[in-house]
Amino acid sequence: MTTKITPFIIAFGCYLALHFLQFFVIFPLEAKYGSNVTWLASLFFFPHLARVLAVWMLGPLAFFALLPADIIIHLILHPDRQLTDIQMLIPLVGSGCAIVAFELFKLAGMNFYMTATNTSNWRPLLLIGAAASVINSVMSSLLYQGLIMPEETLLLLGNYLVGDILGLFLGLLVLMVLMRLLRLNAAR
């Protein structure tokens with residue numbers, strides 16, 4: 001039983017931890033030195049890495065690890081706000097965008113879930129992460145449309161796209177280097 005629950009706990013914890021890193025370290029740095037829409041989107045959004053890897057490893061069931069983390073983050077960061085319809089749709093979009101991307105690729109005959117492949121290849125994860133980013137960017141921009149100035153909509157969309165993809169790329173790069181170092185240490 002614990003072997004089936006453990007990956008969900010790890011995915012939940014990593015997603016939550018990366019959100020905390022994002023909101024309490026990266027967003028303040030970007031607000032100080034960067035864009036004025038950083039409260040909505042980041043140029044390096046690392047939780048997207050956790051989304052993509054969780055769905056890659058757990059399949060569509062990863063949704064049940066990601067959504068509670070998204071809701072908890074919302075409640076912690078915005079304790080004064082209630083979960084209105086639109087406030088509930090944002091976590092649904094964020095938690096579901098990678099699942100939709102993986103499933104679209106699967107429908108096209110390219111099953112990139114970890115259980116369907118024998119090797120760990122990071123390139124398909126980047127491709128799927130980019131597709132998930134497009135889904136997340138478009139849907140989130142539409143949902144936030146009334147909260148930002150119309151002329152900032154394209155900037156927000158661009159920040160979502162760039163942030164998700166750069167966060168995923170940088171995170172995968174760090175994981176690749178760490179895995180290589182671990183293999184080198186194990187070989188000694």
Side-chain angles (χ1 to χ4, degrees), residues 6-31 34-35 37-79 81 83 86-103 112-114 122 124-144 147 156-178:
T6 303
F8 284 91
I9 293 170
I10 292 170
F12 172 84
C14 288
Y15 195 50
L16 208 57
L18 286 175
H19 266 306
F20 280 116
L21 172 76
Q22 194 69 43
F23 284 97
F24 295 114
V25 176
I26 295 170
F27 273 0
L29 288 173
E30 285 184 353
S35 168
V37 293
T38 55
W39 66 277
L40 290 174
S42 172
L43 292 176
F44 290 96
F45 191 70
F46 294 107
H48 192 63
L49 169 72
R51 285 181 194 147
V52 173
L53 289 179
V55 175
W56 175 63
M57 290 187 289
L58 300 172
L61 291 176
F63 182 78
F64 299 106
L66 299 174
L67 183 62
D70 259 330
I71 292 171
I72 288 169
I73 287 294
H74 176 81
L75 293 174
I76 289 172
L77 295 176
H78 310 291
R81 292 190 203 161
L83 283 175
I86 196 156
Q87 295 297 332
M88 193 57 206
L89 289 176
I90 296 296
L92 285 171
V93 168
S95 299
C97 65
I99 296 166
V100 171
F102 269 94
E103 289 297 314
F112 292 121
Y113 288 114
M114 186 173 83
W122 300 107
L125 291 179
L126 262 174
L127 178 65
I128 289 172
S133 177
V134 169
I135 294 163
N136 184 45
S137 302
V138 170
M139 294 303 295
S140 296
S141 293
L142 287 173
L143 290 172
Y144 278 125
L147 298 175
L156 177 64
L157 182 69
N159 276 6
Y160 268 119
L161 280 169
V162 171
D164 284 354
I165 294 169
L166 284 179
L168 177 65
F169 176 76
L170 193 60
L172 287 175
L173 186 65
V174 167
L175 287 175
M176 229 171 22
V177 169
L178 286 175

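Computed from heavy atoms alone, side chains included, the values below leave out hydrogens, waters and symmetry copies.
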Show, in sequence, the C-alpha distance, side-chain angles and deciding distance for V100 and E103, and conclude whether the side chain to side chain contact (heavy atoms under 4.5 Å, CB included) test is met. CA-CA 5 Å; V100 171; E103 289 297 314; 5.9 Å; no
Once rounded to the nearest 0.5 Å, what's the spacing between atom [atom1] of [X] and atom [atom2] of [Y]?
X    : Y    : atom1 : atom2 : value
L170 : L175 : CG    : CG    : 10.0 Å
L125 : L49  : CG    : CG    : 9.0 Å
M139 : L157 : CE    : CG    : 12.5 Å
L168 : L127 : CG    : CG    : 10.5 Å
F23  : I76  : CZ    : CD1   : 11.0 Å
I26  : F44  : CD1   : CZ    : 8.5 Å

All N/O donor-acceptor pairs, side-chain side in residues 9-18, below 3.5 Å, sequence neighbours left out:
{"from": "Y15", "atom 1": "OH", "to": "R51", "atom 2": "NE", "distance (Å)": "3.0"}
{"from": "Y15", "atom 1": "OH", "to": "D70", "atom 2": "OD1", "distance (Å)": "3.3"}
{"from": "Y15", "atom 1": "OH", "to": "D70", "atom 2": "OD2", "distance (Å)": "3.0"}

Nearest heavy-atom neighbours spanning [X] and [Y]:
X    : Y    : answer
A101 : I135 : N-CD1, 4.0 Å
Y113 : I99  : OH-O, 4.2 Å
D164 : F45  : OD1-CD2, 3.4 Å

Set of residues satisfying side chain to side chain donor-acceptor pair (under 3.5 Å) with respect to S137, sequence neighbours excluded: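 Once residues adjacent in sequence are excluded, S137 has no partner under the side chain to side chain donor-acceptor pair (under 3.5 Å) criterion.
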Side-chain polar contacts of residues 53-68 - donor-acceptor pairs under 3.5 angstrom, sequence neighbours left out - could you list them?
{"from": "W56", "atom 1": "NE1", "to": "F112", "atom 2": "O", "distance (Å)": "3.2"}

Query raised in the report: Side chain of H48, backbone of G129: donor and acceptor closer than 3.5 Å?
Result: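 Answer holds: yes.
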